Amino acid sequence: MVVMTRPNSIVAGVGAIAFAVLTFAAIFFVNWPGGGYSESISKSYVAPGNLPIALAGTLIGLIAVVGLICLLVYLKQAAEESSPAITLLPQIVWAIGLVGAASFGVGWGLVSAQPLAHVEAGVDLGVAPTLTYMISEATSAIIFGPAPMLVGLALIVLTVGSSRALPGWLRWLTLVAGLVALTSLAFFTFFLFLIWNIVIGIWLLIGGRSRGATKQARPS
């Protein structure tokens with residue numbers, strides 16, 4: 001049974017906005033090494049004093065992932081409501097999106113992994129700053145690579161396969177957001193993807209699809 005109620009719309013809207021805002025905050029709060037190489041930044045990143053910042057960034061990022069999952073659940077329900085009962089599309093959208101959300105979780109875990117390892121070792125690990133930089137770049141490659149790209153693919157599948165899941169203007173905007181998410185390794189396009197999350201979040205909060213009624217269950 002698919003229930004598209006006002007409370008569900010609010011939860012999804014808050015989740016979408018939280019994902020965008022908290023992800024943005026975590027990225028710039030931690031500011032792990034990336035882009036141009038800097039030996040001083042690499043060394044300060046794994047210094048004991050940076051561990052609280054890295055752990056806080058991981059926590060903020062993981063909370064953001066919870067918000068993304070709230071949105072994905074809602075989109076799955078919207079696809080179920082507007083798609084034929086025999087289609088696997090809602091499950092495909094959910095599965096792809098969930099793997100993307102899990103990838104974000106892995107990336108945020110790696111954000112604090114290096115500082116934590118250095119602190120727990122209790123001795124100088126003798127890790128070259130260049131190696132620290134390479135591992136940090138791998139972290140960036142996950143957060144700005146497969147994570148948003150998979151979510152983007154889920155959005156593309158949703159908009160192409162379920163035309164009635166969203167109103168026309170938002171459907172096309174969601175399709176563009178999905179395509180943009182595929183280019184997130186370019187870094188700046190990732191933030192365009194975050195902006196889409198704010199737009200759909202606001203739409204859900206001010207009304208969205210909620211009809212305040214329970215849809216009739218379809219045959220399994």
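A quick note: this is a predicted structure, and the numbers were derived from the prediction, not measured.
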Which word best sums up how the rings of Phe191 and Phe28 line up, parallel for under 30°, tilted for 30 to 60°, or perpendicular for over 60°?
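Geometry flag for Phe28 against Phe191: tilted rings.
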
Any idea which heavy atoms bring [X] and [Y] closest together, and the distance?
X      : Y      : result
Leu158 : Ala79  : CD1-CB, 3.7 Å
Pro148 : Ala181 : O-CB, 3.3 Å
Gly61  : Ala26  : N-CB, 4.0 Å
Glu137 : Gly35  : OE2-N, 3.4 Å
Ala154 : Gly97  : CB-N, 3.7 Å

Looking only at atom types and distance, does a side-chain atom of [X] sit under 3.5 Å from a main-chain N or O of [Y], one as donor and one as acceptor?
X      : Y      : result
Thr139 : Ile135 : yes
Thr58  : Gly109 : no
Ser42  : Ser38  : yes

Rounded to the nearest 0.5 Å, what's the gap from [atom1] on [X] to [atom2] on [Y]? Could you check?
X      : Y      : atom1 : atom2 : result
Tyr45  : Ile53  : OH    : CD1   : 10.5 Å
Ser184 : Leu150 : OG    : CG    : 11.0 Å
Asn197 : Leu155 : CG    : CG    : 8.0 Å
Phe19  : Leu194 : CZ    : CG    : 6.0 Å
Ser136 : Asn31  : OG    : CG    : 10.5 Å
Gln114 : Leu131 : CD    : CG    : 7.0 Å

Can Ile156 and Leu182 be said to form a side-chain contact (heavy atoms from CB on, under 4.5 Å), step by step?
CA-CA 10 Å; Ile156 293 172; Leu182 297 181; 3.8 Å; yes

When you group the ILVMFWY residues by side-chain heavy-atom contacts below 4.5 Å and let the links chain together, are [Y] and [X] in the same group?
X      : Y      : result
Val99  : Leu72  : yes
Phe190 : Leu173 : yes
Leu110 : Leu68  : no
Leu179 : Trp172 : yes
Leu55  : Val119 : yes

ring-ring contact (aromatic ring centres under 6.0 Å, His included): pairs with one or both residues in residues 115-140, sequence neighbours excluded:
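Non-adjacent pairs meeting ring-ring contact (aromatic ring centres under 6.0 Å, His included): Tyr37-Tyr133.
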
Picking from Leu88, Thr87, Val93, what satisfies side chain to side chain contact (heavy atoms under 4.5 Å, CB included) with Pro90?
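Going through the options one by one, the only one that passes is Thr87.
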
Using the side-chain contact (heavy atoms from CB on, under 4.5 Å) rule, take Ile69 and Trp94 through it: C-alpha gap first, then chi angles, then the decisive distance, then the call.
CA-CA 9 Å; Ile69 292 174; Trp94 167 246; 4.1 Å; yes

Under 3.5 Å, is there a donor-acceptor pair linking the side chains of Thr174 and Thr159?
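Result is no, nothing qualifies.
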
Is the Trp203-Trp196 ring centre distance short of 6.0 angstrom?
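No, ring centres 6.0 Å or more apart.
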
Begin with the C-alpha distance, continue with both residues' side-chain angles, and end with the deciding distance and a verdict on side-chain contact (heavy atoms from CB on, under 4.5 Å) for Ile63 and Trp108.
CA-CA 10 Å; Ile63 295 173; Trp108 288 118; over 6 Å; no

